[in-house]
Amino acid sequence: MANTEVVHLQDGLTSVVVSIRGLPAIAHWGKALGALDQSALTALVDAVEPPIPHNSPDVPVPLTVLPAAVAGHSGRPALRGHRSGTHFAPALTVTDYTASDRSLRYTATDPAAELTVNGVLELTPSGLLRVQHTLRNDGDSPYHLDGLEAALPVPARAGELLDFTGRWSRERQPQRRSLDYGTWLRESRRGRTGHDATIGLLAGTPGFGFRTGEVWALHVAWSGNHVTYAERFPDSTPVLGGGELLLPGEVVLARGEEYATPSLYAAYSGNGIDGLSAAFHRKLREGRPAKPRPVVLNTWEAVYFDHDLERLASLADTAAAAGVERFVLDDGWFRHRRADTAGLGDWYVDETVWPDGLNPLIKHVRSLGMEFGLWFEPEMINPDSDLFRAHPDWALGPRPGVLPPSWRNQQVLNLGNPDAFAYILSRLDTLLSEHDIAFVKWDHNRDLIASGTHAQTLAYYRLLDELRERHPNVEIESCSSGGARIDLGVLERTDRVWTSDCNDALERQQIQRWTGVFLPPELMGAHVGPTHSHTTGRTHDLSFRVATAMFGHFGIEWDISSATAEERAGLVAAIEYYKSVRSLVHNGNVVRVDHPDPAAWVHGVVAPDRSEALFCYAQLTTSVGTKPARVLLPGLDPDRTYTVSFDGPAGYPALTQRETPTWESLRLPGSALSEVGLQLPVFNPEQALLIRLS
Ligand code: GLA
């Protein structure tokens, strides 16, 4: 055992004080405390030692990162498992640890249960707290693992929870509740992250907003089944916890075998949700290439399965003329894929639709100066495919010979089967080698039902890792029927996500706002959809669609060969505008305003040096007040004078007022913009304005 008893992890913004008593117990996770010597740290831990109330264990029960029944914890135990019914409540004790001001690494064992855990708690350079554990079976009998989670305490004043749910085409919808007694358990058993998975769980001081209140958040970096929970019992500290959700028998450890948990990422902010986002965005921006994000045209909503060289080449011409930089051919190019009923698994270019292969189209796209991207759905198989007919046993089911109900007419390819894995790896590798492909849209269009997902998720990661190793210059988008696979596990291996299949700008305002709590704008694919939304039937002006897509990785998902001349001109201007702001939007700090009018949202991005910013005022519905509330623009340099320009690259918003504004620019100090604000005119609903500060 090393000589310190209390460890202080700190980075100037956040402090985590951990005492090593049995297992690591967090005495404080929150605001930075400044330098504290060992005696101050010990005093701090003593000062918050839990009392021994009547009718309770005769020893204090501190909350550890691995809460255990054997220590007297009455809530959800972190480590659950057994050896044929014995050793289900292991008593782990730290036997060794090393600590710095950024990390604590420890080993804990229970010699009787013959289990060892190695754990790490670290404050990453981005400011996130990462927690990860690995369990080893040291005994001869198999250890059946049911779950290994971790828990982090939040103070009693964190009385309100925010988490997310959703569905196809409406992902990450917020829901709030108070953190009451009991367990608020969010399980995702879909074998992918899930449309309704909560991307994170937030607890904060009641009423916490984007820029106000203290907030603590937890995210499970895993693309398969997982749990996230908040728990509060009368006899313990409230906690946020989470981990992988293991199905019975998925992990059985033989002697010497290990199970590694996914990383949990947690963050504290003393200034609302935006403070959490800053840390998650820093983390997700680490190590990514500085190359500007190209304007994308994705063919899905333009042509669906109607693949035709002439039509697509002409769409590419129109796209290039508008300023598009990457042309992505979506679903429909491989054998038998004339509809979503067949072909998944047959990863050969369809000879009937593409008699000369894809290269004529790719060459054309490249000659226009655009990159080429291609859609894949590697983990799936249609029963109507040559692959399934040859290898029906490669489909994943609850047991051999039994398949779950099909979903979008498809089944899951069992990547745990080495032959299936080798086949799909070799098909992807070959296709990427034989074609000039810069970008892969990697889709996954069904839930896994009644089958193990632990091995499948690990194999999916292995497949991605192997392909990235072989094709390091290919960018990969994580798509799963839109945004059903968005998490920090997949984002360690991919370059962006398809945020949602919904390109309706009104819905997108919401989907992007809440996805953006965790993801920085440039990782969220945001495309200008058709005038009439294919998923909702709503009609939106181009200006609203453009202003909405401007705060993501901008693209187009629309048959622009059918656009009017006016629409095309608007699009050209919008693309030019995006190119002029992308380095700001893709590197700056995200700001969301706690605007007093629920009918309008204000959000923006401020350059790290606060020299410039881009905001969006989006009128979602009509306001109750006839005169809109002033718009405050926070996050600016109070002492700097900004030129404020009101921009509508694809048109100005439609208004309901007697005068038409001239939209002339102003010069105002940052202090006035953030404290006094701007009076905007009366917008019609579903309209937006860009406000650029330079
Ligand atoms: C999923 C994706 C879409 C599109 C289709 C193709 O639904 O989310 O963007 O690629 O598959 O079949």
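Just so you know, ligand 1 is whichever comes first in the structure, and atom 1 is the first atom listed for that ligand.
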Enquirer: Apply the test side-chain contact (heavy atoms from CB on, under 4.5 Å) to residues I199 and L519: give CA-CA distance (whole Å), side-chain angles for both, the deciding distance (0.1 Å), then the verdict.
Expert: CA-CA 10 Å; I199 187 169; L519 268 60; 4.2 Å; yes

Enquirer: Which residues satisfy the salt bridge (Lys or Arg N to Asp or Glu O under 4.0 Å) test with D501, sequence neighbours excluded?
Expert: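 D501 satisfies salt bridge (Lys or Arg N to Asp or Glu O under 4.0 Å) with no residue once adjacent residues are dropped.
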
Enquirer: Per the ring pair (Phe, Tyr, Trp, His ring centres under 6.0 Å) rule, what does the pair list look like for residues 444-492, sequence neighbours excluded?
Expert: W222-Y461, Y259-H454, W442-Y460

Enquirer: Salt-bridged, E557 to R508, with N to O below 4.0 Å?
Expert: no

Enquirer: Is it true that the side chains of W375 and D443 contain a donor and an acceptor less than 3.5 Å apart?
Expert: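 Short answer, yes.
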
Enquirer: Output every pair passing side-chain hydrogen bond (donor to acceptor under 3.5 Å, both in side chains) with a member in residues 568-579, not counting sequence neighbours, ordered by first then second residue.
Expert: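 For residues 568-579, and leaving out neighbouring residues, the side-chain hydrogen bond (donor to acceptor under 3.5 Å, both in side chains) pairs sorted by first residue read Y577-D647.
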
Enquirer: Counting only heavy atoms and a distance below 4.0 Å, can you name the residues contacting ligand 1?
Expert: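 Only W300, D330, D331, W375, R408, K441, D443, N445, C479, S481, G482, W498, D501 have heavy atoms that fall under 4.0 Å of ligand 1, ordered by chain and number.
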
